[in-house]
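Values in this document were obtained by computation on a predicted structure and should not be read as measured data. Proteins come first, then strands; the chains are lettered A, B, ... in the order of their sequence lines, and each starts at number 1.
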Amino acid sequence: MHPFTIPFMAGFTMMFIVLIIRYSNWFRGFSTENRKRIAGRMFTRRSIHALNEIFRESLLHLKIYKTNPILGYMHMSLAFGWFLLIVGGKLETWYYTGNFANPPQYAIFFRFFHPVTEATGIHRIIDFYMEFSLLVVLSGLTIAMVKRIRKQVAGMKNTTRHTLTNRLALTFLWFIFPLRLLAESATTSIHGGGSFLTGITSGLPFHPAVELPLWWAYSISLGVFFVCLPFSRYLHIPTEMITILLKKWGVEPELKLKTNKGLQAFEIHSCSGCGICLDACPAIGVGDKKFQSVYFINEMRNGKDHSKTAELCLSCGSCQQACPVGIQLEPLRISARENLNSEMRFNHTYLPSKMILWRETTDVILFTGCMGRMNPRTTQSMKKLFDEAGIGYVHADEDENICCGRPMVLTGASEQAELMMSRNRDIIHSYNAKVLVTTCPICYKQFKNSYKLNIPVVHHSMYINQLMEEGKLNRHHSNLNFSYHDPCELGRAFDCYEAPREVLKRAGHVVALSKEKEKSLCCGNNMGTILLERENRQQITDKTLMVLSENNPDYIVTSCPVCKNTLSQQSSIPVRDIAEVLTDLPEIKQKTGERLTAMRESHIN
Amino acid sequence: MSRISFGYSVSEGKVINLDQQKPAWLEKIFELEPSLHRCISCGNCAAVCTAGHFTGMKFYRICLNAFRGQTSDLKNDAKACMLCGKCQFACPRGVNIRHAIMLMTQIQKP
Ligand code: SF4
Ligand code: SF4
Ligand code: SF4
Ligand code: SF4
């Protein structure tokens with residue numbers, strides 16, 4: 001082998017060793033259950049699904065492509081183009097040597113060792129394929145360069161900043177492929193061969209003395225890039241693939257967050273720094289401290305203080321929804337808060353325990369939660385609707401209420417929410433009911449995910465929709481225009497977008513918004529934030545109201561007491577809860593004596 | 001010269017002693033949550049408080065006492081909070097009450 005291949009081989013070997021050391025450290029942090037999961041599922045269909053996902057997301061980057069086609073093409077052409085080159089190189093050398101297991105540097109610098117001159121069919125095809133792949137990579141690279149210089153070109157409003165190793169890796173990554181093209185062109189211009197691409201570039205006046213230095217430069221930039229890779233954000237390339245495998249094998253996050261342990265370590269290092277989470281964040285540009293997920297992950301990765309980035313965030317879930325790598329950002333933040341607030345001590349032993357002497361039987365338990373107490377109109381509307389539909393109910397927290405515990409979970413004190421939860425559970429279990437209806441999405445999430453109740457839980461928007469479908473509630477279609485605000489804890493958390501819209505469509509028109517459903521903005525007062533100042537929260541509310549006021553609706557409707565309170569304080573358009581819409585608006589009239597079919601028809605018309 | 005006794009005295013709690021330094025941990029809480037300085041003791045927070053319904057906990061009291069350097073009950077009172085956030089909706093001054101309480105439950109000494 002020629003000495004110019006040494007920089008590449010040295011860099012590649014070093015990267016390999018460092019990666020193995022780092023990964024085995026993280027693997028050591030896996031709990032016994034997680035190890036069992038890996039061992040049991042490694043040779044099942046799950047691995048094939050994972051390979052499929054790796055192909056779609058790590059090479060083709062389909063999710064980024066869906067969010068932003070230019071950015072997607074950039075990632076795809078770099079990753080998939082490079083992949084095509086590697087596969088092509090392997091096949092090419094296999095074809096020429098008859099030996100599949102030839103060393104990697106032989107494939108990478110193949111043109112130098114074997115400047116093909118025969119112009120027969122198969123050689124032409126191979127040459128064309130290799131140069132086409134190179135062109136794909138170069139086109140992606142051009143977008144990347146333009147994006148760095150003028151970030152708006154790729155449609156990204158916000159781009160991430162870079163540390164030193166990142167810059168070094170980035171610079172050499174940029175050099176690799178242009179140098180490969182130059183080196184191959186020089187060889188072609190001297191020895192002949194080549195395909196359409198080098199056919200053009202070999203026309204440049206290459207002096208025979210520059211050929212070898214160009215191959216050296218190509219080898220060195222590859223070597224430096226590989227040395228930097230495990231210490232730069234490009235570590236995400238191999239890590240992302242392993243994370244996908246681990247998730248398909250059902251590996252769970254470790255109980256306590258450590259940035260160099262278990263699944264969390266893999267997740268944190270899978271972030272490509274693509275910055276898609278920046279554009280998704282409703283709080284972008286708000287306040288002095290940038291706390292979006294990419295910054296949070298970067299701080300954790302570099303072992304820096306991440307208290308602010310962890311505690312400013314509203315937990316709206318927007319970035320997690322948008323993240324093309326599928327990093328579970330909210331659980332990561334909550335675990336980080338658990339570490340930060342581990343000294344926090346609450347004491348709720350004062351809560352009275354419930355004595356059950358007799359279990360009242362009813363259809364529905366209504367739970368309105370803390371915030372419901374500040375919205376008595378919603379509660380009254382719900383009761384009117386129950387009466388209208390002939391549903392029996394008890395209001396479990398009418399006289400006194402105990403918090404569902406979710407706000408506490410969000411601050412990282414999930415264990416200390418247990419007592420509150422068990423008192424609430426006792427209250428709920430003290431009735432014989434068919435279903436628990438809650439008017440608060442925060443309570444809904446907590447009941448649904450953490451309470452293990454003996455009856456199903458539904459949110460009131462779902463319940464109203466169900467009653468309407470059954471024909472137990474019906475309304476004349478009015479001329480009112482509604483714009484519907486998706487609460488974070490109902491929409492993104494449960495994909496519940498249609499039920500409230502169905503209800504509103506029966507009573508009026510639902511206007512389309514530029515950002516709705518999974519892209520909807522946070523009202524600004526999500527319980528998730530601990531540190532965000534009121535002024536900043538109000539700024540977010542203003543931005544959200546701008547979207548909700550598009551098309552001048554008659555009412556802004558939501559189905560969360562927090563959203564309703566927050567929006568109504570700053571809105572010039574009246575804000576109502578979905579239950580109030582059906583009972584309190586004079587324009588909306590009850591249909592009397594009509595059955596479901598008639599109502600459906602009017603809805604279709 | 002001895003003082004004339006009128007048969008009553010000024011109780012400790014009603015004296016504002018500007019010489020008295022706030023303990024360092026209290027200074028720290030005010031530093032980490034500066035919005036506490038905005039509290040005007042209006043009492044809205046206590047009126048809506050979920051925990052206050054069951055206990056005597058009143059955030060405006062905690063805050064007022066902290067300003068006066070009376071801190072003996074501070075941590076215990078704060079511990080009753082459920083972090084439900086109603087107080088922050090009611091507060092006219094935008095005090096980050098939940099964060100203040102989270103800090104108070106973490107203090108080591110009292
Ligand atoms: S967290 Fe996800 S969306 Fe944000 S930069 Fe990382 S990979 Fe991209
Ligand atoms: S959860 Fe919401 S507020 Fe927090 S960083 Fe993500 S998008 Fe921004
Ligand atoms: S509501 Fe706000 S301003 Fe009023 S006493 Fe409570 S914290 Fe102070
Ligand atoms: S967050 Fe704490 S202090 Fe505020 S209303 Fe709820 S229980 Fe009371």
Worksheet entry | Verdict with supporting geometry, B:Ile101 and A:Phe346, side-chain contact (heavy atoms from CB on, under 4.5 Å) | CA-CA 10 Å; B:Ile101 286 188; A:Phe346 289 93; 4.0 Å; yes
Discussion item. Distance check, rounded to the nearest 0.5 Å: A:Cys313 atom SG versus A:Leu332 atom CG?
Written reply: 11.0 Å
Worksheet, complete the sentence: Distance col, row B:Leu26:CG vs B:Leu74:CG, nearest 0.5 angstrom, shows 7.0 Å
Worksheet item: Given that the side chain runs from C-beta out, which part of A:Met527 has a heavy atom under 4.5 Å from chain B: side chain, backbone, both or neither?
Response: both
Fill in: Separation between SG of B:Cys49 and CZ of B:Phe59, rounded to the nearest 0.5 Å
10.0 Å
Worksheet entry | Under 4.5 Å from any heavy atom of chain B - which part of A:Met344 | both
Discussion item. Which atoms of B:Ala90 are under 4.5 Å from chain A, going by heavy atoms: the side chain, the backbone, both sets, or neither?
Written reply: both
Which donor-acceptor pairs sit under 3.5 Å apart between chain B and chain A?
residue	atom	partner	partner atom	Å
B:His53	NE2	A:Glu400	OE1	3.2
B:Lys79	O	A:Asn347	N	2.9
B:Ala80	O	A:Tyr350	OH	2.5
B:Cys81	O	A:His348	NE2	2.8
B:Pro92	O	A:Arg534	NH1	3.2
B:Asn96	OD1	A:Arg537	NH2	3.0
B:Asn96	ND2	A:Leu531	O	3.2
B:Arg98	NH1	A:Met527	O	3.2
B:Arg98	NH1	A:Thr529	O	3.3
B:Arg98	NH2	A:Met527	O	3.3
B:Gln108	NE2	A:Glu343	OE1	3.2

Worksheet, complete the sentence: Separation between CG (A:Leu314) and SG (A:Cys281), nearest 0.5 Å, reads 7.0 Å
Item to complete: Select one option (side chain, backbone, both, neither) describing which atoms of A:Leu532 are under 4.5 Å from chain B's heavy atoms.
Response: backbone
Response to the item:
Output for pair (A:Leu548 CG, A:Ile556 CD1), nearest 0.5 Å, gives 5.0 Å
Worksheet entry | pair A:Ile402-B:Phe54: side-chain heavy atoms closer than 4.5 Å | yes
Worksheet item: From A:Leu453 CG over to A:Met421 CE, what is the distance, rounded to the nearest 0.5 angstrom?
Response: 9.0 Å
